[in-house]
*Asks:* 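Sharing a structure, written as structure tokens. Questions coming.
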There are 2 protein chains.
Amino acid sequence: MTLGSAPTLDDVAREANVSRSTASRAINGGDRVSPEAQAAVDAAVARLGYTPNRAARSLVTRRTDSIALVVPEPDTMMLTDPFLTGVLRGVTDGIAGTDLQLVLLLNRVDEAPGRIARYLGSGHVDGAIIASAHERHQLEAALTRSHLPAVFVGRPFGEMSHHFVDVDNVEGSRLATQRLVERGCRRIGTVTGPQDMSAGIDRLHGFRETLAAAGLPSEAVAHGDFTAVGGGEAAARLLDEHPDLDGIFAASDLMAEGVLRTLHSRGKRVPDDVAVVGFDDLGVAQHTTPRLTTVHNPVVATTMAATATLLGLLAGAPVPAAPQIFTPYLVEGESA
Amino acid sequence: MTLGSAPTLDDVAREANVSRSTASRAINGGDRVSPEAQAAVDAAVARLGYTPNRAARSLVTRRTDSIALVVPEPDTMMLTDPFLTGVLRGVTDGIAGTDLQLVLLLNRVDEAPGRIARYLGSGHVDGAIIASAHERHQLEAALTRSHLPAVFVGRPFGEMSHHFVDVDNVEGSRLATQRLVERGCRRIGTVTGPQDMSAGIDRLHGFRETLAAAGLPSEAVAHGDFTAVGGGEAAARLLDEHPDLDGIFAASDLMAEGVLRTLHSRGKRVPDDVAVVGFDDLGVAQHTTPRLTTVHNPVVATTMAATATLLGLLAGAPVPAAPQIFTPYLVEGESA
DNA sequence: TTGTATGCGTTATCAC
DNA sequence: GTGATAACGCATACAA
């Protein structure tokens, strides 16, 4: 160990008066090492401030000890979505206690497609958590090809061969829509999420099913993009086509915020003229005027579960039989 | 190259009928390789789908080809700050075109301090971008000790030996405060950012200096934490102590949002009773009611500059003489 | 339980 | 311009 360079396993071994292999074993779990040797190595490690060289370890173990969090979201607006925050928090907490690195893979502005898929397929990470997947990104096929352990946060589109964890979006939108129905609304519309994302699709399904079951029409549908601005614009279109609307289900709180703004600017009182229910409960619902009635989406828990599944996969654990689906619940506000 | 395992440099060399050394040279810049050899190697690489093994390369080059983005923010609320979004975007765009990995280092909930400092000092990354640094994190000392190339987004506290890029916070808050003064406000207060962050400190300085220059008192100060909730609470305290306030400078738009909410709940009209100016212009300002007058904070540009500086450091470029300071500007809204 | 020997895939050195 | 060959730091099969 020359001055200035980091201590190596050899330095530790020398310091502890054992062989390199014994030092290695002591450091990695302590299997087949005498208590004395273990103590000597531990002491040497502490004294030298030794940290294993990740590259060298990777080279022989053929693992990188890092996982990727993929957010293939091309829209800058989307990044401000508290959803990403929750995902970040979930993954971060999920790998706490492990020595896994988190490599963040965001879509770059104006970049050619395929970079992320290529990266994932190139063995740079041991596994991946995929959030906010759009159908057009075609990550699923690439993932299938590369055999990289991966878990989706939110149901993927294609063959159900991918692992995923999700919130029950159909049930959530059912809760939201049912609330409007029970409140007495009879002309109910919805501002949907993107229809190339499973969350957007599922929440529209729940909406339609609930209204059908209640014997109410469900043709008042405007598509949003999970942003506040997009939600406001969708609400404007909705009101133009259906001026008599008395209830709106917005498929995300961010969009609901835009809906409230549009309603306000058109002089509609909430909830008296038009009742509104959102979806997510990730912080914005408490800050709207009036406070938003919404459906709680346990993003952090969902993402932590996804991370746990991925860790299991990496450890060679038996494959879970079915995806974990988390249950949403209604959160009282003043808007419906 | 056995089936299922990734192709190695040896495979490429064999396929191209050259030695491993030549293949390596051809792949890394093509210095001292004949055009024929280069072409043969390129073809082989394409045919095999070869990607260099990062661990092996790291081991010999002693570089990891990855940089860390450090957000030592313990408060969950803070993560939702659009500031982080901008930083993320800036770093991501800043390393576009390189093959650098982005390793995200977030503070974990309830974690013992020092993990991030240890990680940075352990040679796992080639460099680091530090955002949202609080004084108590003591990253600066650790960074100085480890000699890890690092660039702060936002001025650090201690010795000025660290590289950093910043927005001119003093000038920004001067613009904001001056706007209130010119509008006719005479009893002006501020909701500050955390006083253990340079942005929080500097914005308070600009506020005080401007009022002093205008011959106005500046004792109406309440400390916030850069969150909407904290801003609202600070505004409440401010109004309790100074009921006659006719202008408030909030040191961030998120806090300004809380300020507006508090003013609304107390029946104060904005801007007629109390004018409000924020700071950041990262998306929330356009969505408040009324639309917020604020100061544009070029976070993405700032962070991209920080990333560029770091890349220069890694490339052994001459150290920039002085930190880059970006200039903020006022953005018209309806609140002041 | 311990140590010896080997190889992981790459770049760098140095003869040719 | 090219190709052997030696590290880089670590984990592990195998012998002791």
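First the proteins, then the strands, lettered A, B, ... as listed; each starts at 1.
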*Asks:* Whole angstrom is fine here: how far is it from CZ in B/Arg57 over to C1' in C/dG9?
*Replies:* 11 Å
*Asks:* Do A/Thr144 and A/His162 pair up side chain to side chain, a donor and an acceptor below 3.5 Å, judged on atom types alone?
*Replies:* yes
*Asks:* Can you pull the contact range of chain A along DNA chain D, 5' to 3', using atoms under 4.0 angstrom from its heavy atoms?
*Replies:* D/dG9 to D/dT12
*Asks:* Is the backbone N or O of B/Val18 less than 3.5 Å from a side-chain atom of B/Thr22, with the two atoms forming a donor-acceptor pair by type?
*Replies:* no
*Asks:* Would you say the side-chain atoms of B/Gln38 pair up with the backbone N or O of B/Val33, donor to acceptor, closer than 3.5 Å?
*Replies:* no
*Asks:* Taking atom types as modelled and ignoring hydrogens, do the side chains of A/Tyr119 and B/Gln101 form a donor-acceptor contact shorter than 3.5 angstrom?
*Replies:* yes
*Asks:* I'd like to know if the side chain of A/Arg57 pairs up with that of A/Asn28 as donor and acceptor (distance under 3.5 Å, no hydrogens or angles considered).
*Replies:* yes
*Asks:* List every contact pair, protein side and nucleotides 2-5 of chain C side both N or O, where the distance is under 3.5 Å.
*Replies:*
unit_1 : atom_1 : unit_2  : atom_2 : d
C/dT2  : OP1    : A/Ser34 : OG     : 2.4
C/dT2  : OP2    : A/Ser34 : N      : 2.7
C/dT2  : OP2    : A/Ser34 : OG     : 3.4
C/dG3  : OP2    : A/Ser19 : N      : 3.0
C/dG3  : OP2    : A/Ser19 : OG     : 3.2
C/dG3  : OP2    : A/Thr22 : OG1    : 2.8
C/dG3  : N7     : A/Ser21 : OG     : 3.3
C/dG3  : N7     : A/Arg25 : NH2    : 3.1
C/dG3  : O6     : A/Arg25 : NH1    : 3.1
C/dT4  : O4     : A/Ser21 : OG     : 3.1

*Asks:* Taking only the side-chain nitrogens and oxygens of B/Ser24, find out if one of them lies under 4.0 Å from OP1 or OP2 of C/dT11.
*Replies:* yes
*Asks:* Is it the case that the side chain of B/Arg54 and the backbone of B/Asp65 share a donor-acceptor pair, with hydrogens and angles ignored and the cut-off at 3.5 Å?
*Replies:* yes
*Asks:* Look at all strands and tell whether B/Leu9 reaches a base, only sugar-phosphate, or nothing, counting heavy atoms closer than 4.0 Å.
*Replies:* base
*Asks:* Without decimals, in angstroms, what is the distance between A/His124 NE2 and C/dG9 C1'?
*Replies:* 14 Å
*Asks:* Within the side chain of B/Asp166, is there an N or O that forms a donor-acceptor pair under 3.5 Å with the backbone of B/Arg155?
*Replies:* yes
*Asks:* In whole angstrom, what separates B/Asp11's CG from C/dT10's P?
*Replies:* 9 Å
*Asks:* Tell me: CD1 of B/Ile27 to P of C/dT10, nearest whole Å?
*Replies:* 8 Å
*Asks:* Measure across A/Phe157 and A/Asp196 and return the closest heavy-atom pair with its distance rounded to 0.1 Å.
*Replies:* CZ-O, 2.7 Å
